Amino acid sequence: MASVPRLCLLLSIIPTILILCADFACCNTGRKTGDGLDTDFSGFSVPLEHSFEVDDVSRFRMRGALQLRGGRETSVSLSQSQLSEEDRNTLKEVAAVDGLYKIRVPRVSLTDRQTERQMDGYLTAFVRACSLVESHLSDVITLHTDVSGYLIGVSIVTIPGACRGTEVEDEVDLEAFNTTLTIIPPTNAPQPETALFIERMDIEHEKRGKPQEQKSFFAKYWMYIVPLVLFLMMSGAQDQSGGGAANGGGR
Amino acid sequence: MKPPAKMSKPTSLFVIFFSLFIMSEAVFEDQVGKFDWRQQYVGKTLFAHFDSHSQSSNKLFLATDKNIFASFNSRTGDLLWRHVDKVGPEGTIDILVLHGQDALMVVGGGRLLRSWDTNMGGLNWEAVLDTGSFQAACFVAIQDTVKHVAVLKKAAISLHYLTNGHQKWVENLPDSDTVQYQAVYSGGEVEVYVLGVVPNSHLTIIAYSLEDGEIIKQRSVEAPWLSSVESSCVVIGQGVLMCVDPATLALYTLPIQAEEAPQFNQILLQVTPVQPRLEVSLGFQPVLVSSQPHPARSPISEFFLQLGPDHHVLLQLNADGYTIAALRDFQPAFLVSFATTGEKTVAVVMTPKNETLYVHAFLKKDDSVDYRVLVQTQDHALTFIQQPGRVVWTREEALADVVTMEMVDLPLTGTQAELEGEFGKKADGLFPMVLKRLSSQVILLQAWLAHLWKLFYEARKPHGQVKNEVTIETLSRDEFNLQKMMVMVTASGKLFGIDSKSGSILWKHYLENVQPNAVFKLIVQRTTAHFPHPPQCTLLIKDKDTGLASLHVFNPIFGRKSHIAPPALPRPILQSLLLPVIDQDYAKVLLLVDDQYKVTAFPSTKNVLQQLQEMASSIFFYLIRSDQGNLSGFRLRKDLSTERIWEVVLPTEVQKIVAVNGKRPNEHVHSQGRVMGDRSVLYKYLNPNLLAVVTESTDAHPERAFVGVFLVDGVTGRIIHEAVQRKARGPVHFVHSENWVVYEYWNTKSRRNEFSVLELFEGTELYNSTVFSSLDRPHLPQVLQQTYIFPSPITTMEATLTEKGITSRHLLVGLPSGAILSLPKMFLDPRRPEVVTEHSREENLIPYAPEMPIRTEWFINYNQTVARVKGIYTAPSGLESTCLVVAYGLDIYQTRVYPSKQFDVLKDDYDYVLISSVLFALFFATMISKRLAQVKLLNRAWR
């Protein structure tokens with residue numbers, strides 16, 4: 001019993017993930033077809049800024065530039081420079097006092113070309129500076145968009161995410177960011193699966209329908225009824241010959 | 001209790017039926033009302049009438065601001081029947097008038113005219129009126145019999161038959177664009193008078209013929225001082241219109257029936273020969289009160305003139321129709337009213353400041369006049385008083401509009417608490433501890449003696465007199481903590497403490513000066529667990545317009561206001577959060593964030609501030625400004641200022657935030673994961689900081705409308721999941737608990753209600769199994785989602801809650817019909833398989849079916865429907881199997897639910913006798929057989 005279920009677990013998980021991916025893709029196309037304006041997107045760049053200060057007062061500086069490309073396939077890339085000597089030291093100091101490393105991007109729309117793309121305000125996210133140092137500047141930045149292509153949120157996590165207090169000796173580890181950048185549009189929530197259910201019910205119906213034809217009562221139980229009738233007839237015959245006494249016994 | 005793994009014919013239907021069989025649970029007939037109760041309310045009274053039809057009748061008829069027409073038994077205050085109409089202006093009751101057995105009502109701003117039978121509460125007839133806003137209505141009588149009712153609208157008057165509601169005639173009012181018609185009067189003659197006014201110019205009187213609606217005469221009287229007939233004029237005596245002019249302080253009289261060019265006759269209040277002098281309080285607009293006891297006769301000639309908020313004078317119009325005489329001066333008197341029976345009229349004045357007064361006078365057997373009074377007070381209590389000033393009953397109608405509530409554990413009994421207190425205190429030396437022990441022993445002895453004395457004393461009394469009522473003094477926690485104190489906050493600003501077992505109101509406290517648009521938040525700062533410190537609740541009252549807030553700190557068991565002074569809050573409050581930090585008196589710390597992002601702590605002792613400074617860097621909170629679509633996170637600094645650390649902006653052009661919900665802090669999750677068919681574990685993503693944010697699209701077109709569900713981490717601002725339900729519209733109801741979110745919306749394409757469930761899993765391995773930190777969870781959880789059709793709209797939703805979270809969860813769904821459905825969460829599981837496999841059967845998963853069933857045995861309130869259910873509150877009890885449920889709306893319903901049945905309680909009909917007799921029999925059998933065996937052994941040894 002134990003070996004077979006394990007395989008099935010894998011099977012049961014994989015479809016769910018696949019479904020999620022499928023949703024992802026279908027949503028992407030679904031959104032773009034509505035716009036009709038997806039031909040002339042050549043991409044544009046917005047600044048990615050960061051701030052890390054010992055006194056925790058935000059002073060945002062340039063970290064790099066995000067190359068955003070709207071249109072049919074939303075893509076994003078990041079070009080960023082190395083951290084300077086001074087920045088590295090500040091980052092280490094901030095990490096020592098358990099300060100925060102914050103990033104921000106301006107609010108932009110990926111699809112709306114005609115109107116001003118940039119709205120006032122920024123989207124901000126943070127990570128503990130110590131975890132950034134301990135992960136040797138390997139971070140994952142995720143941009144979230146809404147249905148109409150506006151950037152609504154940004155998030156940053158480091159891998160690994162914990163602060164264990166390990167010392168980073170090698171200065172080289174803190175020079176360049178090792179950034180994974182993704183952009184996530186909303187997933188489409190599923191609708192009730194009526195069609196599939198009806199199909200399944202039909203199949204089941206067919207399966208069950210063939211062997212279980214409704215037989216008549218007599219057809220089902222003839223093997224009991226015939227001996228009984230025979231027995232009754234026999235006893236009736238006895239009755240005639242044996243007289244009234246056998247009558248009760250025959251019943 | 002698992003479905004058999006090896007079924008001969010593994011069809012999905014079998015599994016469904018089997019699982020239903022497991023969960024089906026209903027109330028048995030003998031359990032009705034045993035663990036549950038319902039209280040029905042009607043709201044604040046707008047119109048009230050006594051049934052004067054028959055002498056012995058004791059009925060009251062009320063129309064209320066909740067659009068309810070109800071009848072009460074005036075002896076007991078019990079509800080006889082009630083009719084709940086639509087919510088909002090469509091069901092508003094404009095007027096209720098009573099004649100004989102007919103109660104006439106104009107509903108919905110002059111939309112409908114209804115006649116009710118007062119005996120049974122049945123509808124006699126209903127007539128649709130012409131459009132136009134309602135002004136006034138009155139009965140019209142000819143020759144002492146009332147046959148018609150006249151309804152005055154802004155531009156028309158219509159007469160209806162009382163018997164069937166048919167319209168006799170309808171006439172347009174002349175010059176209705178300039179003249180404001182405000183009153184209609186009939187004194188038993190063949191004419192119906194309509195009074196209109198052109199403000200500060202003249203008064204118009206039109207007499208209509210009763211027969212065919214023809215205008216008999218039309219008069220215009222100069223009245224430059226008159227602005228409104230409604231507020232300053234009454235009809236008294238033989239059809240004399242009396243008006244009061246607040247500017248010149250004069251009374252004006254005018255005979256309505258006068259033939260030729262009538263003129264107002266002025267009576268200056270200062271110069272009247274009446275004693276005492278009629279002097280109006282400064283800035284007060286005088287008010288006239290009169291009475292027309294029977295529509296077939298003219299009003300009585302006595303009337304009240306209100307000269308100040310607490311000053312009334314009873315005056316009489318002399319027979320000449322021009323002069324007045326003072327009968328009596330009443331000061332202080334806030335409320336006045338008339339009542340008539342036969343030939344006698346009673347004038348009633350009332351001193352305490354209240355809202356409205358209704359009087360009923362009747363003749364006693366000895367022909368003397370007796371009366372009853374119904375008083376509607378500011379705190380929405382309805383009190384019924386009989387003649388010697390005896391309060392017969394009081395109804396707390398404020399409970400018709402409960403805003404929020406909490407359930408608080410009852411305190412331990414004195415002796416238990418004393419013992420607990422001994423262990424709870426910090427050790428302070430050997431000698432004091434010995435003393436404390438001795439003192440508690442003395443107290444125990446005392447309590448025991450008192451108990452003995454009580455037993456002795458009660459034994460002497462006759463048996464029937466020993467009362468077993470719940471009072472505030474006898475309140476104590478029961479064995480399984482099933483009885484709790486329900487603290488209810490109502491919209492009127494009145495607080496109630498209700499015993500959850502019986503439903504009796506144990507204390508009430510009226511907060512004056514609460515704005516009608518205030519929002520309330522009730523916070524339990526200290527539970528009953530910290531004897532000798534009393535439990536402490538804090539009510540945050542916030543004015544919705546200004547944002548200014550105040551705190552009311554009280555003891556939830558006794559309702560008394562605490563002597564602890566709450567902090568002054570000069571600035572608008574944006575957010576309040578209860579920290580797990582406790583001060584030296586075991587009260588949890590409440591943080592209030594004002595509009596400059598400054599933080600106020602309550603209580604703010606030195607100890608608390610020190611703790612806050614130490615913990616500052618790990619205290620995060622979020623703010624949501626739904627008008628800007630802005631979600632932002634803050635961190636506390638050591639100096640109690642804050643810094644903004646994250647920001648998410650949902651553009652308001654696309655979608656607007658309609659609701660945000662975190663998890664309940666007192667929720668326990670027993671199982672970290674789910675065991676799957678192959679015995680591996682799928683771990684739940686249990687993020688205590690997770691927020692569910694629900695948005696609705698600004699575009700309301702059915703094809704483009706959508707509902708958005710965002711799962712946001714409240715500490716880091718990370719969007720964990722973002723789902724869009726296309727072609728969907730609100731109102732969205734949702735529950736966020738454990739690792740799942742269930743929401744309900746309206747599908748605009750298929751035109752039906754749908755339920756969707758989201759579940760979050762970490763996967764088959766936990767990232768960090770010992771502790772959860774939002775700052776250290778780099779991987780996004782797996783999100784599974786499924787959607788189902790729900791065959792009914794819903795009004796509210798809540799999940800059951802138990803002590804340790806072992807019991808399976810149910811969703812409690814309030815339906816518009818008033819039923820409360822207990823829907824097993826098992827049906828809302830995104831892992832329900834499309835195709836049944838060995839594994840899914842092993843895991844006890846129900847195969848996917850697009851439609852969610854509603855079974856009548858799932859209705860936890862059987863026939864005790866809760867009208868207009870607005871909220872459901874769940875609280876754990878001391879028994880793991882049992883969850884306490886309170887549904888409130890117009891009514892209040894309390895019950896217990898057992899989502900996994902009562903696995904930890906013996907049944908009521910458990911056969912103790914049989915079990916114990918078998919046990920004893922076995923015991924004795926063992927003893928005897930042992931003895932016999934010994935004897936036998938001994939005998940064998942001798943042999």
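Here is the naming used below: chain letters follow the sequence lines, and residue numbers restart at 1 for every chain. As the structure is a prediction and not an experimental result, all values here were calculated from the model.
Looking only at side-chain heavy atoms (C-beta outward), A:Arg128 and B:Leu775 come within less than 4.5 Å of each other. Residues A:Asn188 and B:Gln725 fail the side-chain proximity criterion, which asks for heavy atoms closer than 4.5 Å. Side-chain contact between B:Val649 and A:Arg107: present, with at least one pair of heavy atoms (C-beta onward) separated by less than 4.5 Å.
Contact annotation for B:Glu851: neither backbone nor side-chain heavy atoms come within less than 4.5 Å of a heavy atom of chain A. Looking at A:Leu151, the atoms closer than 4.5 Å to chain B (heavy atoms on both sides) all sit in the backbone: N, CA, C or O. For chain A, no part of B:Pro830 is nearby; none of its heavy atoms comes within less than 4.5 Å. For B:Phe710, the part lying under 4.5 angstrom from a heavy atom of chain A is the side chain only. Neither the backbone nor the side chain of A:Ser131 has a heavy atom closer than 4.5 Å to any heavy atom of chain B. When heavy atoms are compared at a cutoff of 4.5 Å, A:Thr158 approaches chain B solely by way of its backbone atoms N, CA, C and O. Contacts of B:Glu643 with chain A are made by side-chain atoms alone, with heavy-atom separations under 4.5 Å and no backbone atom involved.
Nearest heavy-atom pair, B:Tyr743 versus A:Ala189, reported as atom, atom and distance to 0.1 Å: OH-CB, 3.8 Å. Of all non-hydrogen atoms in A:Ala162 and B:Tyr767, the two that sit nearest each other are N-OH, 4.4 Å. Smallest separation of non-hydrogen atoms from A:Pro186 and B:Val724: CB-CG2, 3.5 Å. What you find for A:Phe197 and B:Pro850 is that their closest heavy atoms are CG-CD, 3.1 Å. Residue A:Ser155 comes nearest to B:Arg718 through the heavy atom pair CB-CG, 3.5 Å, listed as atom of the first residue, atom of the second, then distance. Across every non-hydrogen atom of B:Arg644 and A:Lys102, the tightest pair is O-NZ, 3.7 Å.
A distance of 11.5 Å separates OG1 in B:Thr716 from CG in A:Leu100, rounded to the nearest 0.5 Å. Within the model, atoms NE2 of A:His144 and NE2 of B:His721 stand 11.0 Å from one another, a figure rounded to the nearest 0.5 Å. A distance of 10.5 Å separates CD in A:Gln191 from CZ in B:Arg726, rounded to the nearest 0.5 Å. Of the inter-residue distances, the one linking A:Asp146 atom CG with B:Glu653 atom CD reads 9.5 Å to the nearest 0.5 angstrom. Rounding to the nearest 0.5 Å gives a distance of 11.5 Å between CG of A:Leu123 and OG of B:Ser632.
B:Arg751 CZ: 12 or fewer foreign heavy atoms inside a 6.0 Å radius.
Tested against A:Pro192, the residues B:Tyr788, B:Phe755, B:Tyr848 include a single side-chain contact (heavy atoms from CB on, under 4.5 Å) partner, B:Tyr848.
Most heavy-atom pairs under 4.5 Å with chain B, from the set A:Val57, A:Ile152, A:Leu196: that is A:Ile152. No other option in B:Val654, B:Leu650, B:Ile719, B:Asn747 has as many heavy-atom pairs under 4.5 Å with chain A as B:Ile719.
With hydrogens and angles disregarded, a donor-acceptor distance shorter than 3.5 Å links the side chain of A:Thr187 to the backbone of B:Glu722. Between the side chain of A:Thr124 and the backbone N or O of B:Ile645 there is no donor-acceptor pair closer than 3.5 Å.
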I'd like to know whether A:Val157 forms a side-chain contact (heavy atoms from CB on, under 4.5 Å) with B:Arg777, so could you lay out the CA-CA distance, the side-chain angles of the two residues, the decisive distance to 0.1 Å, and finally the verdict. CA-CA 8 Å; A:Val157 288; B:Arg777 279 282 140 142; over 6 Å; no
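Between B:Arg832 and A:Glu193, none of the side-chain N atoms (NZ, or NE/NH1/NH2) sits under 4.0 Å from a carboxylate O, so this pair counts as no salt bridge.
Classified by interplanar angle (parallel below 30°, tilted 30° to 60°, perpendicular above 60°), the ring pair A:Phe126/B:Phe620 is parallel.
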